[in-house]
Amino acid sequence: MSDIYSTLWALDQNRLRRGADYDVNQCGDRLFPFVKRRKLEKIPTYKAFLNLLDNYEADVNQPEDVTEKEQNDARAFLNRCLDTEVMQEAHSFLAGEGYAPEGKKGFKDMLYDMWFTPYTRTHKDRAQRSSSAFEHTFVGETRCGHVIGFHNWLRLYDEERLGNIRHKGCRCCDCDDRIILTIDFDWKGNSKTRDSFFVGTSPEFELALYTVCFLAGDGAKTEVVLGGENVTVATYKLNGHIGSCYPILEQQDHSDTESDAEDDSDDNPLVDEGLDFLEYLEDQDISPEMGKRRLKGIYEEEYTDSCGRRSGTAFSQVLFTLKRDGKVDVYNNNDGVDIVTILE
């Protein structure tokens with residue numbers, strides 16, 4: 001299985017070269033000092049991808065009607081992707097493994113359903129909010145002051161070019177001649193913490209990689225080797241749909257020391273954060289009992305990406321508040337592992 005991922009990586013012929021086609025400045029005011037825009041617009045997949053970006057309403061609370069033009073734009077993008085060797089290789093592999101139709105049209109229809117068919121996301125108020133796998137992963141959405149999704153470097157570059165991005169710190173990991181970037185930023189006044197994505201990769205490569213990982217990978221996280229580096233590709237499900245996709249760098253171990261909540265009043269934001277998290281676990285049908293470390297991973301990755309969390313809110317603070325309020329219990333099992341049990 002690992003061969004397909006390295007094969008897709010090698011077949012990304014439309015990738016851009018750092019220093020020649022673009023550059024990244026981790027310390028400057030602009031993350032992308034330059035990108036060869038004219039080159040982007042000459043590559044069919046990039047041009048079709050950029051044409052899609054204005055078709056979406058960022059605020060998930062705003063209703064969206066998918067027009068015929070927007071449907072045609074999406075299908076045109078898929079057509080351009082299917083003309084590339086990397087997507088053809090993904091199709092050949094998936095069809096051979098029984099995950100996709102053998103015919104090109106059937107595969108394109110499957111891709112459209114997977115990535116562009118609208119679905120709903122729910123939150124604390126149970127309201128139905130429009131989304132799609134492509135919009136969430138490649139374009140980004142906002143909710144309650146937070147950015148959710150938004151895992152594509154071309155989208156970040158384009159929004160920075162328009163003056164809508166303020167980056168607050170990032171770190172890079174070189175993968176061959178491409179990059180995996182982890183970044184904190186504000187987008188139109190909405191915050192995003194520990195976002196991660198490839199840089200320099202083509203849209204068709206990312207679509208091919210995420211599709212293969214989602215259909216034939218190891219579940220929510222697939223370990224792959226790209227450019228000689230070990231990379232985890234996250235492909236989370238949301239009610240059977242693609243919820244979100246992105247690469248994960250090996251993160252530094254954040255302190256798991258519990259601390260007291262600063263405010264015991266009813267309007268303590270930690271209380272709302274904890275209740276939102278418990279509701280997310282229930283919505284996802286996640287076990288009411290699991291290891292503390294696993295629960296921390298869900299909070300910092302799946303929940304953060306799907307729902308957005310208050311910037312800088314540590315899991316230890318949320319867990320302390322839930323335990324204090326009698327929502328969860330924490331005990332040490334016979335193997336010395338801290339287990340969290342949801343009581344309500």
Side-chain angles (χ1 to χ4, degrees), residues 1-28 30-40 42-46 49-50 80-94 137-138 150-158 160 167 169-183 185 194-218 221-235 244-252 301:
M1 278 294 296
S2 61
D3 287 343
I4 181 59
Y5 307 117
S6 58
T7 299
L8 296 177
W9 182 260
L11 290 176
D12 189 14
Q13 297 176 354
N14 284 333
R15 64 187 181 273
L16 301 188
R17 272 73 175 179
R18 184 177 183 180
D21 301 317
Y22 74 95
D23 203 0
V24 172
N25 184 354
Q26 300 179 62
C27 302
R30 294 182 65 85
L31 182 65
F32 296 102
F34 82 91
V35 175
K36 287 187 176 178
R37 181 82 183 190
R38 289 185 179 179
K39 182 168 184 176
L40 300 185
K42 289 181 179 179
I43 302 174
T45 51
Y46 285 76
F49 177 85
L50 293 172
R80 301 291 81 76
C81 289
L82 287 166
D83 288 337
T84 65
E85 193 173 356
V86 65
M87 184 58 82
Q88 290 167 5
E89 179 66 24
H91 180 200
S92 176
F93 170 79
L94 291 171
T137 300
F138 288 92
F150 204 123
H151 299 297
N152 179 263
W153 77 276
L154 290 169
R155 174 61 162 172
L156 187 71
Y157 147 70
D158 202 47
E160 183 182 66
H167 82 88
C170 66
R171 64 190 186 99
C172 295
C173 174
D174 291 332
C175 288
D176 197 8
D177 56 354
R178 282 147 282 183
I179 298 170
I180 293 179
L181 185 74
T182 301
I183 183 172
F185 66 92
R194 292 174 62 197
D195 194 10
S196 61
F197 38 75
F198 296 104
V199 178
T201 49
S202 69
E204 62 266 28
F205 163 77
E206 294 183 31
L207 193 74
L209 177 69
Y210 294 148
T211 299
V212 170
C213 286
F214 183 79
L215 293 175
D218 301 327
K221 294 181 181 179
T222 302
E223 303 293 332
V224 303
V225 177
L226 302 176
E229 298 291 333
N230 294 319
V231 179
T232 299
V233 179
T235 50
S244 189
C245 304
Y246 52 92
I248 301 174
L249 278 173
E250 184 176 345
Q251 300 289 345
Q252 294 179 341
E301 294 173 7

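- Arg15 places a side-chain N or O within 3.5 Å of a backbone atom of Asp12 that can act as its donor or acceptor partner.
- Between Thr222 and Asp218, the closest heavy-atom pair is OG1-N, 3.0 Å.
- The backbone N or O of Asp195 lies less than 3.5 Å from no partner atom in the side chain of His151, so there is not a single donor-acceptor pair.
- We find the CD1-OG distance between Ile4 and Ser92 to be 8.0 Å, quoted to the nearest 0.5 Å.
- Judged by distance alone, the side chain of His167 and the main-chain N or O of Gly28 form a donor-acceptor pair under 3.5 Å.
- Nearest heavy atom pair, residue Arg194 against residue Thr182, reads CA-CG2, 4.1 Å.
- Not a single donor-acceptor pair under 3.5 Å links the side chain of Asp158 to the backbone N or O of Leu154.
- Between Pro247 and Ser196, the shortest heavy-atom distance links the atoms O-OG, 2.5 Å.
- Of all heavy-atom pairs spanning Cys213 and Tyr5, the tightest one is SG-CE2, 3.6 Å.
- Interatomic distance, Leu94 CG to Phe214 CZ, rounded to the nearest 0.5 Å: 12.0 Å.
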Assess the residue pair Thr201 and Trp9 against the criterion (side-chain contact (heavy atoms from CB on, under 4.5 Å)); give the C-alpha distance rounded to whole Å, side-chain angles, the decisive distance to 0.1 Å, and a yes or no. CA-CA 9 Å; Thr201 49; Trp9 182 260; 4.2 Å; yes

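- Counting only N and O atoms by type, the side chains of Glu204 and Thr45 include a donor and acceptor under 3.5 Å apart.
- Of the residues Tyr246, Phe198, Phe49, Phe197, the one that meets the side chain to side chain contact (heavy atoms under 4.5 Å, CB included) test with Glu206 is Phe198.
- In this structure Thr235 satisfies the side-chain hydrogen bond (donor to acceptor under 3.5 Å, both in side chains) test with no other residue, sequence neighbours excluded.
- One N or O on the side chain of Gln88 and one on the backbone of Leu82 form a donor-acceptor pair closer than 3.5 Å.
- Between Phe32 atom CZ and Asp23 atom CG the span is 10.0 Å, to the nearest 0.5 Å.
- Note: Tyr210 OH to Phe205 CZ = 8.0 Å, rounded to the nearest 0.5 Å.
- Looking at Ile43 and Lys39, their side chains come closer than 4.5 Å, going by heavy atoms from C-beta outward.
- Side-chain contact between Pro203 and Phe138 is absent, with no heavy atoms from C-beta onward closer than 4.5 Å.
- One finds the CE atom of Met87 at 4.0 Å from the CG atom of Leu207 (value rounded to the nearest 0.5 Å).
- The closest side-chain heavy-atom distance from Asn230 to Glu223 is not below 4.5 Å.
- Ring centroids of Phe150 and Phe185 are separated by less than 6.0 Å, placing the two rings close together.
- You'll find the side chain of Leu31 reaches within 4.5 Å of the side chain of Val24, heavy atoms only.
- Contact of the Val231 side chain with the Cys175 side chain is registered, since non-hydrogen atoms from C-beta on lie closer than 4.5 Å.
- Residues Leu40 and Leu16 have side chains in contact (heavy-atom distance under 4.5 Å, counting atoms from C-beta outward).
- Without hydrogens or angle criteria, Asp176 side chain to Arg178 main chain gives no donor-acceptor distance under 3.5 Å.
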Tell me, with the steps shown, if Leu8 and Glu89 meet side-chain contact (heavy atoms from CB on, under 4.5 Å). CA-CA 7 Å; Leu8 296 177; Glu89 179 66 24; 4.1 Å; yes

side-chain contact (heavy atoms from CB on, under 4.5 Å) between Gln13 and Val86, worked out: CA-CA 8 Å; Gln13 297 176 354; Val86 65; over 6 Å; no

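- Taking every heavy atom of both residues into account, Ile248 and Ala234 meet most closely at CD1-CB, 3.8 Å.
- Note on ring orientation: taking the six-membered ring where Trp is involved, the planes of Tyr22 and Trp153 are tilted (angle from 30° to 60°).
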Any chance you could lay out the side-chain contact (heavy atoms from CB on, under 4.5 Å) test for Gln26 and Ile183, step after step, and finish with the verdict? CA-CA 9 Å; Gln26 300 179 62; Ile183 183 172; over 6 Å; no

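- Once rounded to the nearest 0.5 Å, the distance linking CZ of Phe93 with OG1 of Thr211 reads 12.0 Å.
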